[in-house]
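Take a look at the structure set out below.
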Amino acid sequence: MSMKEFGNKLQTKLDKYFHKIFNNSHFLYTIIFLLSSLLISLLSLIRTVTVGDLILFLSTVISFTFILLMFEALIPKLNKYLFSPEKKLDKWKLISFTINFFISFLIIIPYFLLGADLPIDFLEWDVILPALFIIIFFGWNLVQIFFLRKGFDVFSEKVNKKINSKYGSSKKKELLFFLFLIIALIVPILIELGTFLGFLPEFAPGGARTLFIASSLVVLIILIITSWRLITLYHRSKKINSTNSFSSMFYILIWILLWFRSLSFFNALLNITQASTEPDITSGLIDILLLVFTAIMVLRGLGEKVYDSFLFNSNNMPFFLFAFTVLYIEGQIIMITGAGSLTGIFANRNQVNLINNFLIIIITLIFYWWYSEYSLEQRGFLLRKRFHSEDISAILYDFKEFLVKNDALDGNKIGDDKMNEFLRTKNIEIQEIEPIEDESEIDEDPNPNSNNKINNN
């Protein structure tokens with residue numbers, strides 16, 4: 001493979017996973033975004049309310065600039081000025097950003113000058129903007145698990161499909177499923193034990209170490225609860241001959257996420273308990289680099305959740321992501337520097353990371369408790385306790401076909417029109433019945449008869 005072919009292949013992958021932000025057409029805007037993020041992060045080292053207000057204003061203007069560009073990118077005639085795939089650093093791109101930045105500045109500056117004394121206090125910039133950006137920061141972190149779930153599903157289903165296709169209904173397959181269960185139970189214990197032993201010597205004897213041990217015990221309790229959940233789900237699947245590796249694989253992936261968050265939590269706790277009165281410039285710079293890196297990851301993750309519509313296309317999507325991510329960064333910074341009527345809530349990013357990781361762990365635990373059962377029911381690995389209207393519709397259509405094939409029903413008399421009429425009288429949603437297929441291209445069901453079982457207990 002030549003260097004040119006390798007470069008083209010790499011560019012294609014970057015465009016796919018990072019929504020064209022590294023493509024020639026958007027590269028200049030990406031540089032502006034990164035420099036803006038870096039500037040905002042550097043200013044956050046000066047922890048005063050005045051600087052906090054300045055960062056708040058700057059973040060709002062930059063974000064609004066990208067929003068204006070997002071809407072302008074929907075106009076085909078402007079594309080030749082906003083984008084030029086053959087040039088990374090085209091003057092028209094810089095001119096376009098500058099004009100929109102100036103417009104944003106003129107629109108927002110009156111609000112900051114006059115908007116601190118409005119009849120409705122909540123609408124004042126020094127109240128609503130800090131609160132909104134903090135909600136964006138925590139909100140995005142807390143809902144990420146719902147989006148990570150898709151990738152976990154696909155990987156877990158691929159593993160389950162591979163075992164089913166290779167071993168069929170043999171006893172070896174059941175043994176492998178059981179082995180996956182044992183591995184899923186052991187792996188989290190080992191990684192958390194290693195984490196505990198690795199961090200323990202770092203905490204000074206006394207209150208700091210006691211706090212770490214207490215936190216580790218909470219993680220152990222979470223581990224016991226989730227392990228019990230996995231075992232009971234396996235037992236329920238076995239009762240209807242629907243054992244699988246999906247549940248165990250999904251559990252391992254969830255615990256890798258939980259471990260990462262607990263690792264970040266313990267690291268933040270360690271930094272807080274060993275806090276020095278002298279400013280640590282090196283740690284501050286590392287925090288800034290990590291913040292910018294996290295911003296890129298947020299940008300990539302968010303882009304996968306915003307689907308094509310009349311409002312978004314491949315050209316204007318990066319602008320929306322830049323605008324959102326700037327506010328995401330500001331949401332974290334504002335809690336440290338303070339801004340408007342909001343004083344600094346946390347002394348440093350370690351405290352922000354501590355509470356952030358704690359909340360994510362709790363949300364992930366709640367999510368796993370619900371989704372671990374729901375996902376197995378949807379795949380026919382558990383007796384179903386709940387049905388949506390579209391599920392009932394699909395079951396009734398399947399039952400009609402079953403009756404027709406067994407000559408128990410005249411399909412010419414009871415056709416789809418009659419079925420649809422009946423379903424509407426019951427206020428049941430009617431949808432086109434199509435084979436279920438996702439990114440893993442799963443076309444086999446290890447328990448074809450288990451999808452429509454109803455738990456009457």
Side-chain angles (χ1 to χ4, degrees), residues 33-68 70 101 103-144 268 272 284 287-288 290-292 294-299 301-302 319-360 362-363:
F33 160 74
L34 292 175
L35 290 177
S36 301
S37 302
L38 189 60
L39 174 62
I40 292 170
S41 300
L42 285 171
L43 287 174
S44 70
L45 294 176
I46 308 172
R47 296 169 185 171
T48 64
V49 175
T50 301
V51 174
D53 290 345
L54 174 63
I55 297 174
L56 179 63
F57 174 75
L58 185 60
S59 300
T60 306
V61 172
I62 293 172
S63 181
F64 195 74
T65 300
F66 284 124
I67 291 295
L68 290 179
M70 182 189 79
F101 183 87
I103 293 173
S104 299
F105 181 88
L106 292 179
I107 292 175
I108 293 173
I109 190 66
Y111 182 46
F112 272 75
L113 293 176
L114 306 173
D117 189 25
L118 296 177
I120 303 176
D121 293 342
F122 179 72
L123 296 179
E124 296 174 357
W125 69 265
D126 56 345
V127 177
I128 189 171
L129 292 183
L132 176 62
F133 298 164
I134 290 174
I135 290 172
I136 288 175
F137 173 74
F138 279 117
W140 171 246
N141 282 327
L142 294 181
V143 301
Q144 280 189 63
I272 291 173
D287 281 346
I288 290 170
L290 288 175
L291 188 61
V292 174
T294 302
I296 295 176
M297 293 298 102
V298 170
L299 187 149
L302 179 66
F319 294 136
F320 168 75
L321 300 178
F322 292 151
F324 179 90
T325 307
V326 167
L327 299 186
Y328 171 87
I329 295 173
E330 171 61 4
Q332 181 174 357
I333 290 174
I334 206 170
M335 288 183 287
I336 302 169
T337 62
S341 300
L342 179 72
T343 57
I345 302 172
F346 301 102
N348 52 51
R349 286 194 177 89
N350 288 318
Q351 294 181 2
V352 176
N353 291 336
L354 193 74
I355 188 65
N356 185 47
N357 284 296
F358 172 76
L359 292 174
I360 291 175
I362 297 300
I363 292 297

So, taking the atom named [atom1] in [X] and the one named [atom2] in [Y], what distance separates them when rounded to the nearest 0.5 Å?
{"X": "T325", "Y": "L34", "atom1": "OG1", "atom2": "CG", "answer": "10.0 Å"}
{"X": "L359", "Y": "I355", "atom1": "CG", "atom2": "CD1", "answer": "4.5 Å"}
{"X": "E330", "Y": "S37", "atom1": "CD", "atom2": "OG", "answer": "11.0 Å"}
{"X": "I108", "Y": "L113", "atom1": "CD1", "atom2": "CG", "answer": "12.0 Å"}
{"X": "L68", "Y": "I107", "atom1": "CG", "atom2": "CD1", "answer": "6.0 Å"}
{"X": "L54", "Y": "S44", "atom1": "CG", "atom2": "OG", "answer": "11.5 Å"}

Inset, instruction - Using a 4.5 Å cut-off on heavy atoms from C-beta on, say whether the side chain of T65 contacts that of V61. - result: yes
Inset, instruction - Report yes if the side chains of F112 and D53 come closer than 4.5 Å at any heavy-atom pair, otherwise no. - result: no
Inset, instruction - Report the relative orientation of the aromatic rings in F322 and F66; use parallel for angles under 30°, tilted for 30 to 60°, perpendicular for over 60°. - result: tilted
Legend entry - Steps toward side-chain contact (heavy atoms from CB on, under 4.5 Å) verdict (L39, L35): CA-CA 6 Å; L39 174 62; L35 290 177; over 6 Å; no
Inset, instruction - With side-chain contact (heavy atoms from CB on, under 4.5 Å) as the test, would you mind laying out the steps for F33 and L321 before giving the verdict? - result: CA-CA 10 Å; F33 160 74; L321 300 178; over 6 Å; no
Which pair of non-hydrogen atoms, one from [X] and one from [Y], has the smallest distance, and what is that distance?
{"X": "M335", "Y": "F138", "answer": "SD-CE1, 3.3 Å"}
{"X": "P110", "Y": "L106", "answer": "CD-O, 3.0 Å"}
{"X": "S63", "Y": "A323", "answer": "OG-O, 3.0 Å"}
{"X": "V326", "Y": "I40", "answer": "CG1-CD1, 4.2 Å"}

Legend entry - Under 3.5 Å donor-acceptor, N356 side chain and V352 backbone: no
Inset, instruction - Applying side-chain contact (heavy atoms from CB on, under 4.5 Å), run through F133 and I333 and close with a yes or a no. - result: CA-CA 10 Å; F133 298 164; I333 290 174; over 6 Å; no
Legend entry - Intermediate values then yes/no, side-chain contact (heavy atoms from CB on, under 4.5 Å), S59 and I329: CA-CA 9 Å; S59 300; I329 295 173; over 6 Å; no
Inset, instruction - Return yes when atom CZ of F358 has more than 12 non-hydrogen atoms of other residues, nucleotides or ligands closer than 6.0 Å, and no otherwise. - result: no
Inset, instruction - Test F57 against every option in W125, F105, Y111 by the ring-ring contact (aromatic ring centres under 6.0 Å, His included) rule and name the one that passes. - result: F105
